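Read through the structure below, which is laid out as structure tokens, and then see the notes.
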There are 2 protein chains.
Amino acid sequence: MRTRDLFERHRLRCTCQRLALYEALKASTNHPTAEELYRVVKPQAGRLSLATVYNTLEALCKVGLARKMPTTNGSCRYDADTNEHSHVRLRETGEIRDLPAELSERLVRELPRHIIAEIEQRLGVKVYGAKVQLLARWANRSD
Amino acid sequence: MRTRDLFERHRLRCTCQRLALYEALKASTNHPTAEELYRVVKPQAGRLSLATVYNTLEALCKVGLARKMPTTNGSCRYDADTNEHSHVRLRETGEIRDLPAELSERLVRELPRHIIAEIEQRLGVKVYGAKVQLLARWANRSD
DNA sequence: GTACGTGCAAAATGTTTGCATCATT
DNA sequence: AATGATGCAAACATTTTGCACGTAC
């Protein structure tokens, strides 16, 4: 679906800043911070301020087109993908990397069934999905 | 174990500020922010500054006696519990429930090893922890 | 034309730092 | 005595806000 239509459906004004920001967010593989998004989009968009990036991201989150994810080190990260996926969080940088789709799927699919069943029973819920966050550090460095 | 011994084991100086902060963190049921902890401990501790709270929390995190958890709204929260825990998110309400510690541990411990290994190799990282978010709905209701 | 979005700069918030002093080992 | 922690205030980083102007509907 075209971004314009998507925006209209959610009653969002189609300003060039918002369109550009959303496109950039969708295109990015890592989960950018507001600042990173600003640096990427600014050159193309001409007039753009950081405040607009924050406003836009908040508007997108409010209608569910983006998600805000907290980090332990300062800035929040954003993500345009609407379906849940697993990721790795790097300890040193706070950076979040998506797992390759195939690995992500396998990881979730192979979660231990019997434990899930026990959780369902004990909490009285039906689990329909899962997301794994792996905590990692770089393998080759030692900081 | 007495806090003093715990600190000595981790090569942390036993200052009254640190001892009081750690005790307060351990005693708290919700996960306090640095600011909240400061307000609670200050009256007892006499001399105490917010900077010391941050320093202390960082020191505690470094040796694994506390954990820093990000939030989407500004300040980080801290927790004296040393192990990451998984949770269930309810689809309808957005509510997040911690898994019982024992189930949480088993779930993480039994994550498929070979997939983790493959992820480590492909991304060049060393995974040292994990956290699972299960997405669920109520088993008996249909809202 | 109106309602809402934008840019800018300034404020608010949360966290870190530099440095002189003080306490623990 | 030496090492490291503390308090204070100032610096820093991230995010939010107020307001005049501009743009999509």
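Since we're looking at a predicted model, the values are computed, not measured. Letters A, B, ... mirror the listed sequences (proteins, then strands); counts begin at 1. These numbers come from the heavy atoms of this one structure, side chains and all, not from hydrogens, waters or symmetry mates.
Whole-Å rounding puts the A/Leu12 CG to C/dC4 P distance at 12 Å. Atom-to-atom, CZ of A/Arg47 to C1' of D/dG22 comes out at 9 Å; the value is rounded to the nearest Å. Note: CG (A/Leu48) to P (D/dT23) measures 14 Å, nearest angstrom. Rounded to whole angstrom, the span from the NZ atom of A/Lys62 across to the P atom of D/dT16 amounts to 11 Å. Distance OH (A/Tyr38) to P (D/dA13): 16 Å, rounded to an integer number of Å. Distance CZ (B/Arg11) to P (D/dA2): 22 Å, rounded to an integer number of Å. When the C1' atom of D/dT16 is taken as reference, atom CG of A/Leu57 falls 14 Å away, rounded to whole Å. When rounded to the nearest whole Å, the span between CZ of B/Phe7 and C1' of D/dG4 equals 15 Å.
With a 4.5 Å cut-off on side-chain heavy atoms, B/Val63 and B/Phe7 do not count as touching. Residues B/Ser86 and B/Val108 have side chains in contact (heavy-atom distance under 4.5 Å, counting atoms from C-beta outward). In this structure the side chain of A/Arg18 reaches within 4.5 angstrom of the side chain of A/Leu12, judged on heavy atoms. Side chains of A/Val88 and B/Val127 form no contact here, defined as non-hydrogen atoms less than 4.5 Å apart. The closest side-chain heavy-atom distance from B/Thr56 to B/Tyr22 is not below 4.5 Å.
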For nucleotides 15-22 of chain C, 5' to 3', base contacts (B), sugar-phosphate-only contacts (S) and non-contacts (-) with protein non-hydrogen atoms under 4.0 Å give SBB-----
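For A/Gln121, the CD atom is loosely surrounded, since the number of other residues' heavy atoms within 6.0 Å does not exceed 12. With a 6.0 Å radius and a threshold of 12 heavy atoms from other residues, nucleotides or ligands, B/Glu23 has its CD atom above the threshold. More than 12 heavy atoms of other shown residues, nucleotides or ligands fall within 6.0 angstrom of atom CZ in A/Arg106.
Side-chain atoms of A/Thr52 do not come within 3.5 Å of backbone N or O of A/Leu48 as any donor-acceptor pair.
Residues from residues 13-20 of chain A that place a heavy atom under 4.0 Å from any atom of DNA chain C, listed by number: A/Arg13, A/Thr15, A/Gln17, A/Arg18.
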Taking only Watson-Crick and G-U wobble pairs with both distances under 3.5 Å, what dot-bracket line describes DNA chain C, where [ ] shows pairs that cross earlier ones and | shows pairs with another strand?
-> |||||||||||||||||||||||||
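Distances shorter than 4.0 Å separate none of the side-chain N or O atoms of B/Ser49 from OP1 or OP2 on D/dC8.
For the pair A/Trp138 and B/Leu123, the tightest heavy-atom approach, listed with the atom from each and the gap, is CZ3-O, 4.0 Å.
Remark: B/Arg39 engages B/Glu35 in a salt bridge, criterion side-chain N to carboxylate O under 4.0 Å.
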